[in-house]
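What follows is a short report on a single structure.
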Amino acid sequence: MAEEYNFREIEPKWQANWQENGLFEVRQDPTRPKLYCLNMFPYPSGVLHVGHGRNYILGDAVVRYKKMKGYNVLAPMGWDAFGLPAENAAIKFGIPPAKWVADNVANMKRQFTSQGIMFDWRREINTSDPNYYRWTQWVFLKMFEAGLAYKANAPVNWCTSCAAALANEEVVDGTCERCGSPVIQKQLDQWFFRITKYAQHLLDDTELLKEWPEKIVTMQRNWIGRSDGAEVDFRLDDGATIVRCFTTRPDTLFGVTFFSLAPEHPLIPSIVRGTDLEQAVLRFCDANRKVGGARGSDQQYEKEGIFTGRYLINPVNGDRIPLWVANYALMEYGSGGVMAVPAHDQRDFLFAKKYSLPIKVVINPPGTDLDADKMTEAYPDPGTQTDSGEFDGMPSEDAKKAITEHLIRIGAGRGVVKYRIRDWLISRQRYWGAPIPMILCDKCGVTPIPESDLPVLLPSLHEFKTKGGRSPLADHSEFVSTKCPKCGSPARRETDTIAQWLCSCWYFLRFTSPWEKGQPFNRADEKYWMPVDQYIGGAEHAVLHLLYSRFIVKALYDLGLVSVKEPFKALFTQGTIIKDGMKMSKSLGNVVSPDDIVSQYGADTLRLYTLFIGPPEKPAEWTDESVQGCFKFLRRLWEIFGEHEAVVRTARTFAGPSTGLTADEVNLRRALHKAAKKVNFDIEDSFHFNTAIASLMELLHIVKELAPKARPEIRKEVFATFARLMAPMAPHFAEEIWARTGGSGSVFTQAFPSWDEAVAEDPELEIVVQINGKLRGRILLPVGSTKESLEREAVSNETCIRLVEGRQIRKIIAIPDRLINIVVG
RNA sequence: GGCCGAGUGGCGGAAUGGCAGACGCGCCGGUUUCAAAAACCGGUUCUCGCAAGGGAGUGCGGGUUCGACUCCCGCCUCGGCCACCA
């Protein structure tokens with residue numbers, strides 16, 4: 001009776017073995033190339049589901065593969081533990097956030113281990129640990145020193161339910177990204193990071209992100225949102241007031257027929273003061289003031305506006321144009337005013353039609369003349385200038401520059417660059433975060449806490465609900481009262497906490513030397529390990545986390561504190577796991593627990609299926625039945641190995657040469673080499689473990705058929721190589737087979753099978769012969785044939801001659817390894 | 001509206017411009033069993049045919065090529081992200 005595949009015994013055994021032997025404890029090793037492979041660290045929300053697992057299993061497989069390829073691999077893990085969910089959960093369940101975090105961390109760590117996902121746990125970090133967050137506070141101080149942190153009274157997005165200010169990025173369609181409650185505007189004193197100062201750097205250096213998905217780079221560029229254009233000064237009809245606007249289309253300046261101000265525009269009250277329309281205009285402004293991240297709801301709203309009764313003078317042609325207030329003009333973009341050119345902008349066109357405003361064509365499409373009266377939509381494309389004074393006849397693309405220069409000459413404008421990105425709101429009126437390390441002194445003003453006084457400890461509070469926009473810390477007098485570090489007089493601490501985003505913007509630096517006490521990281525270690533060679537995570541962080549991290553690293557680089565300009569050399573964003581047509585999530589009730597799969601089928605089955613489910617960059621549908629396919633694969637391989645185990649264990653090591661092998665032995669070894677080639681290529685090229693596993697399944701079929709016919713030492717080679725090939729994906733299983741083939745030590749101290757040498761000893765390959773892409777035959781040719789030698793061979797080969805049947809050969813197309821196509825006339 | 005992706009069996013998905021549908025699931029048939037499950041063996045794009053074999057076939061329409069799922073042009077559909085950003 002054959003021994004059963006007992007994963008329940010095998011898996012814990014090897015997990016303990018790896019732990020004991022410190023397999024994943026990495027040190028700097030100058031003899032090997034380094035590889036810093038990082039999975040985005042999780043929010044310790046409690047329980048991992050198999051959707052989360054995709055991330056970590058993929059990363060672990062890469063780490064194990066690279067390790068076998070000879071790299072010195074750093075694979076650390078930690079916890080992004082500050083932030084709203086922990087605090088909300090703590091309020092809900094009445095336990096301290098720190099306890100909630102600690103419990104969840106313990107469980108998630110257990111889940112990682114039970115799935116065979118191994119990290120260098122000596123480097124574990126937790127962002128809510130004072131040993132960590134004192135250095136988050138240090139980052140804040142450095143930003144302040146660099147003039148990149150400032151306090152301003154600003155309208156902030158305020159979530160009515162979370163009772164917290166949100167970053168623009170956290171507002172989705174006017175509601176809170178986390179809880180979905182409506183977001184309103186509120187004026188508060190807030191800390192900002194001046195990310196806008198780095199907008200151009202961040203944009204330029206997207207050039208360096210060659211190993212990032214194109215999609216993510218594009219999203220970063222769009223988010224920064226550079227627009228090149230001109231600022232134009234329009235003079236109010238009183239001759240004094242100047243109303244500014246930004247345009248990307250100075251070429252359309254002669255076609256301006258009205259002007260729209262944002263309802264929040266500060267000039268409006270003075271412009272309409274004392275006029276008949278004053279009350280109506282102000283009422284309109286109040287009614288259309290922006291609420292939340294977007295005006296109104298998520299839907300496009302009807303364009304509305306009101307005439308102010310006043311006129312502006314177009315600086316280039318003296319046209320007197322009506323000044324309107326319109327709800328589609330945004331105060332926070334440009335300068336809050338739009339020069340409206342209905343003929344060449346669709347929004348302006350719709351507005352002009354609605355309010356019967358004139359339309360003036362100044363750009364004609366190539367070859368035709370537009371008639372303003374007959375237009376049904378705006379013509380936004382380039383063309384030839386018309387009705388534009390001295391610029392008539394000029395291509396509109398050239399006119400952009402020419403008209404801007406003209407504006408400069410007459411002192412009515414200038415070329416400018418605008419960015420969509422805004423400064424980063426960094427303060428939160430919440431408890432569960434790192435206190436902002438600042439002191440408010442009546443005499444000295446806002447004063448940073450000296451580095452030596454860090455950390456500013458977060459006090460343990462039992463009551464930490466936010467009240468009326470104040471941080472809970474504000475009610476805690478022992479925390480608030482302090483002395484000014486400059487003048488020594490009584491002062492107050494800043495009571496806002498640091499947005500959790502900042503904690504996760506530098507953690508990859510801390511991982512390089514997390515044990516450092518007197519500094520955030522050791523410079524030598526940072527220099528050795530940075531940048532992160534392979535970053536793996538979800539595309540949901542495509543903009544915020546990645547952009548913030550890039551910004552912080554650039555700022556620290558400019559301060560001479562880190563050695564790299566970009567933190568992440570290569571990025572891989574894996575697709576989400578779908579179940580029953582929806583993203584897997586606790587709230588939808590469609591989660592599959594890895595614990596259940598592990599106990600039923602084992603960690604290796606879970607890992608194989610997760611990798612096999614589809615190409616890792618794309619979303620994939622989880623089906624419980626399909627899991628069995630991977631389990632069956634392992635069990636079959638186990639059983640087949642069992643039939644050969646006794647022979648293999650005592651066999652000597654196959655050392656070649658390949659002469660004198662039977663046809664079956666050649667075919668068996670060829671299949672092995674083919675699989676090795678495929679697995680190497682798939683992992684190296686694209687992390688396509690799905691096809692790598694498929695090729696191993698194919699290999700199993702052949703091994704099953706041919707291994708019984710091969711001599712013992714070849715069988716030994718086959719099973720030992722098989723074990724090494726599957727080690728990244730099914731590590732426990734591979735260790736067990738490796739050990740049972742008589743292999744010494746851990747399979748992860750072995751080299752991953754390469755294929756080039758192996759293939760070179762393969763005697764011959766079967767090549768398909770096509771005639772005019774149709775008829776087919778097969779010939780055997782030596783392995784390693786080049787395209788040229790194949791073509792030569794085809795002319796003299798008997799099979800080919802017979803197939804050509806005397807017709808004239810026009811062309812021979814040879815694809816090494818695959819086929820020869822002979823085109824005959 | 002803008003910018004990306006993607007359309008292949010019943011399903012997930014394979015295919016450097018070269019045997020379309022690898023591999024897995026499911027399904028069908030068989031072996032085994034008192035029976036069922038499991039396991040094992042075989043089959044499984046559609047279509048005509050008892051069969052051998054034939055025909056069609058990668059969203060639609062063109063094109064390039066000896067040869068197109070793959071490249072080019074024009075559509076259609078779906079998904080993602082950003083969106084009255086001047």
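Residue numbers begin at 1 in each chain, while the letters A, B, ... track the order of the sequences. Both backbone and side-chain heavy atoms feed into the values below; hydrogens, waters and symmetry mates do not. Nothing here was measured: the structure is a model prediction, and the numbers come from that model.
A:Glu377 places its CD atom 11 Å from the P atom of B:G2, with the value rounded to the nearest Å. Atom CG of A:Asp228 is separated from atom C1' of B:A86 by 14 Å (rounded to the nearest Å). B:G79 atom P lies 20 Å from atom CD of A:Glu540, rounded to whole Å. For A:Lys215 and B:A6, the NZ to P distance is 10 Å, given to the nearest whole Å. What separates CG of A:Leu350 from P of B:G1 is a distance of 11 Å, to the nearest Å.
One C1' atom belongs to B:C84, the other to B:G24, and the distance between them is 49 Å to the nearest Å. On the C1' atoms, B:U47 is 24 Å away from B:G61, given to the nearest whole Å. Here the separation of B:C75 from B:U16, taken at their P atoms, is 29 Å to the nearest Å. Comparing B:G53 with B:U44, their P atoms sit 13 Å apart, to the nearest whole Å. Taking atom C1' in both B:G13 and B:U58, one finds a spacing of 13 Å when rounded to whole Å. The C1' atoms of B:A15 and B:U77 are separated by 24 Å, rounded to the nearest whole Å. If you take atom C1' in B:A86 and the same atom in B:C73, they sit 33 Å apart, rounded to whole Å. Between the C1' atoms of B:G55 and B:U64, the separation comes to 27 Å (whole Å).
Picking from B:A86, B:A15, B:G13 the nucleotide with the shortest atom distance to the side chain of A:Lys678 gives B:A15. The nucleotide whose nearest atom lies closest to any side-chain atom of A:Ala329 is, among B:A15, B:G13, B:A86, B:A86. In this structure, the nucleotide among B:C84, B:A86, B:A14 sitting nearest to the side chain of A:Asn327 is B:C84. For A:Met219, counting side-chain heavy atoms from C-beta on, the closest listed nucleotide (B:A86, B:A83, B:C81) is B:C81.
With RNA chain B read from its 5' end, the first of the two nearest nucleotides for A:Thr691 and A:Tyr333 is the one closest to A:Thr691. Comparing A:Glu621 and A:Glu304 along RNA chain B, the residue whose closest nucleotide (by nearest heavy atom) sits nearer the 5' end is A:Glu621.
Remark: B:C75 base-pairs with B:G59. Criterion, Watson-Crick or G-U wobble with two distances under 3.5 Å. With a cut-off of 3.5 Å on both Watson-Crick or G-U wobble distances, the partner of B:U70 is given as none. With a 3.5 Å ceiling on both atom-pair distances, the Watson-Crick or G-U wobble partner of B:G42 is B:C28. Applying the Watson-Crick and G-U wobble criteria (two distances, each under 3.5 Å), B:G1 pairs with B:C82. Pairing for B:C19 is absent, with no Watson-Crick or G-U wobble pair whose two atom distances lie under 3.5 Å. Taking a pair to require two hydrogen-bonding distances under 3.5 Å in either a Watson-Crick or a G-U wobble arrangement, B:A37 remains unpaired. Base pairing annotation: B:G9 forms no Watson-Crick or G-U wobble pair, as no partner gives both donor-acceptor distances under 3.5 Å. In this structure, B:A51 forms no base pair with any nucleotide, since neither Watson-Crick nor G-U wobble geometry is met with both distances under 3.5 Å.
Within 4.0 Å (heavy atoms only), A:Gly337 reaches at least one base atom of the nucleic acid. Residue contacts for A:Gly575: at a heavy-atom cut-off of 4.0 Å it reaches no nucleic acid atom on any strand shown.
Taking only side-chain nitrogens and oxygens, A:Arg635 comes nearer than 4.0 Å to OP1 or OP2 of B:A39. Regarding contacts with the backbone of B:C81, every side-chain N or O of A:Thr218 stays at 4.0 angstrom or more from both OP1 and OP2. When the side-chain nitrogen and oxygen atoms of A:Asn690 are compared with OP1 and OP2 of B:A14, one or more of them lie within a distance under 4.0 Å.
In this structure B:G17 sits in the anti conformation; its chi angle is more than 90° from 0.
A donor-acceptor contact closer than 3.5 angstrom is absent between the side chains of A:Thr605 and A:Tyr5.
For A:Arg226, the salt bridge (charged side-chain N to carboxylate O under 4.0 Å, His left out) partners are A:Asp228, not counting sequence neighbours. Taking A:Pro213 as the reference, A:Ile216, A:Leu571, A:Thr573 meet the side-chain contact (heavy atoms from CB on, under 4.5 Å) condition, with sequence neighbours excluded. For A:Asp345, the side-chain contact (heavy atoms from CB on, under 4.5 Å) partners are A:Arg347, A:Asp348, not counting sequence neighbours. With sequence neighbours excluded, the residues that form a side-chain contact (heavy atoms from CB on, under 4.5 Å) with A:Arg235 are A:Ile242.
A:Arg8 contributes no side-chain N or O that, together with a main-chain N or O of A:Gly602, makes up a donor-acceptor pair within less than 3.5 Å.
Between A:Phe687 and A:Phe572, the two ring planes are perpendicular [angle over 60°; tilted spans 30° to 60°].
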Using a 3.5 Å cut-off and no angle test, enumerate the donor-acceptor pairs between side-chain atoms of residues 691-704 of chain A and protein atoms at least two apart in sequence or in another chain.
unit_1: A:Thr691; atom_1: OG1; unit_2: A:Asp682; atom_2: OD2; d: 2.8
unit_1: A:Thr691; atom_1: OG1; unit_2: A:His688; atom_2: O; d: 3.1
unit_1: A:Ser695; atom_1: OG; unit_2: A:Ala692; atom_2: O; d: 2.7

Notebook entry, point to check: Reading nucleotides 23-31 of chain B from the 5' end, what letters show protein touch, with B for base, S for backbone sugar-phosphate only, - for no heavy atom under 4.0 Å?
Noted result: BSS------

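Ring pair A:Phe258/A:Phe351: centre-to-centre distance below 6.0 Å.
Exactly one residue among A:Val50, A:Thr576, A:Ile578 makes a side-chain contact (heavy atoms from CB on, under 4.5 Å) with A:Met584. That residue is A:Val50.
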